[in-house]
Amino acid sequence: MTTATTTPTTPSASARTAPASTTGGSAFAGRRSVRVTLRTLQVVLALFFGLASGVPKLIAHPTAVEAFERLGWGEPGMYTIGALEVLGGIALLIPVLSSVGATALVGLMIGAFIVSVTALGGENAATPLVLILPLAWIAWARRGQTAELVRLLVRRGA
């Protein structure tokens with residue numbers, strides 16, 4: 001009578017210690033569906049901030065001009081916010097900048113919420129709150145890329 005022996009199926013040491021750059025720098029990197037969802041969310045938010053929100057401010061669309069005049073910020077404020085939104089959207093698409101870009105956009109959305117509540121009487125105040133959640137998830141899930149960015153900057157002596 002022969003007894004079958006089984007070998008435990010645990011990941012090899014090399015699989016457990018894969019560098020952050022090959023795993024995307026997060027605990028989610030191993031699950032393909034989560035990676036795809038995260039990347040899709042980054043692209044959708046990049047398009048939203050870049051095209052739907054930032055560009056109208058940069059081209060001085062009448063609705064953007066009117067909103068910033070109501071705030072008393074005028075064109076300088078409108079162009080500044082528009083540029084920050086476009087740059088944040090672009091950063092979401094660049095792997096090494098995605099966490100930093102998402103974090104910056106969270107800050108911008110906190111400011112947008114405060115302005116909506118205090119200066120605009122709550123008009124559209126829910127929009128920044130809704131956007132904060134996926135941006136915070138991107139910032140957290142891609143945090144390993146921020147460490148990679150710091151390593152690149154240190155290596156270059158910046």
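No hydrogens, no waters, no symmetry mates; every other heavy atom, side chains included, goes into these values.
- Both Phe48 and Val106 belong to a single network of hydrophobic side chains, linked directly or stepwise wherever heavy atoms of I, L, V, M, F, W or Y lie under 4.5 Å apart.
- Minimum interatomic distance between Leu51 and Val55 (heavy atoms only, all atoms of both residues): O-CB, 3.6 Å.
- Side-chain contact check for Trp137 versus Leu41: some heavy-atom pair is nearer than 4.5 Å.
- Arg70 has a carboxylate O that lies under 4.0 Å from a charged side-chain N of Glu123, or vice versa, which qualifies the two as a salt bridge.
- At least one side-chain heavy atom of Leu92 sits under 4.5 Å from a side-chain heavy atom of Leu105.
- Contact of the Pro134 side chain with the Leu45 side chain is registered, since non-hydrogen atoms from C-beta on lie closer than 4.5 Å.
- In terms of hydrophobic clustering, with Ile, Leu, Val, Met, Phe, Trp and Tyr side chains grouped at heavy-atom distances under 4.5 Å, Leu87 and Leu108 are assigned to different clusters.
- Interatomic distance, OG1 of Thr80 versus CG of Leu84, reported as 6.5 Å (0.5 Å rounding).
- Tracing side-chain contacts under 4.5 Å through hydrophobic residues (I, L, V, M, F, W, Y), one never reaches Leu133 starting from Met109; they form parts of separate clusters.
- Between Phe49 and Val86 the shortest side-chain heavy-atom distance does not fall below 4.5 Å.
- A distance of 13.0 Å separates CG of Leu120 from CD1 of Ile114, quoted to the nearest 0.5 Å.
- The two residues Pro56 and Ala64 come nearest to each other via the heavy atoms O-CB, 3.9 Å.
- There is a path of hydrophobic side-chain contacts, each under 4.5 Å, that joins Val117 to Leu129.
- Nearest heavy-atom pair, Ala91 versus Gly101, reported as atom, atom and distance to 0.1 Å: CB-CA, 3.7 Å.
- Between the side chain of Arg143 and the main chain of Trp140, a donor-acceptor pair closer than 3.5 Å is present.
- Contact of the Glu148 side chain with the Leu152 side chain is registered, since non-hydrogen atoms from C-beta on lie closer than 4.5 Å.
- Hydrophobic clustering of Ile, Leu, Val, Met, Phe, Trp and Tyr side chains at less than 4.5 Å, counting indirect connections, keeps Val44 apart from Leu97.
- Going from atom CD1 of Ile110 over to atom CG of Leu131 covers 12.0 Å, rounded to the nearest 0.5 Å.
- Taking the side chain as every heavy atom from C-beta outward, Met78 and Glu69 never approach each other to under 4.5 Å.
- A pairwise comparison of heavy atoms in Ala46 and Gly89 identifies CB-O, 3.2 Å as the closest pair.
- Contact detail for Phe68 and Lys57: the closest heavy-atom pair is CE1-CE, 3.7 Å.
- Side-chain N or O atoms of Arg39 include one that pairs as donor or acceptor with a backbone N or O of Leu93 at under 3.5 Å.
- Distance check, rounded to the nearest 0.5 Å: CG of Leu38 to CD1 of Ile138 gives 6.0 Å.
- Between Ala139 and Ala102, the closest heavy-atom pair is N-CB, 3.7 Å.
- Side-chain contact of Ser99 with Gln145: a donor-acceptor pair under 3.5 Å is absent, judged by distance alone.
- Two residues are said to be in side-chain contact when any heavy atoms from C-beta on lie closer than 4.5 Å; Asn124 and Phe113 fail this criterion.
- With rounding to the nearest 0.5 angstrom, the CG atom of Leu149 is 10.0 Å from the OG atom of Ser98.
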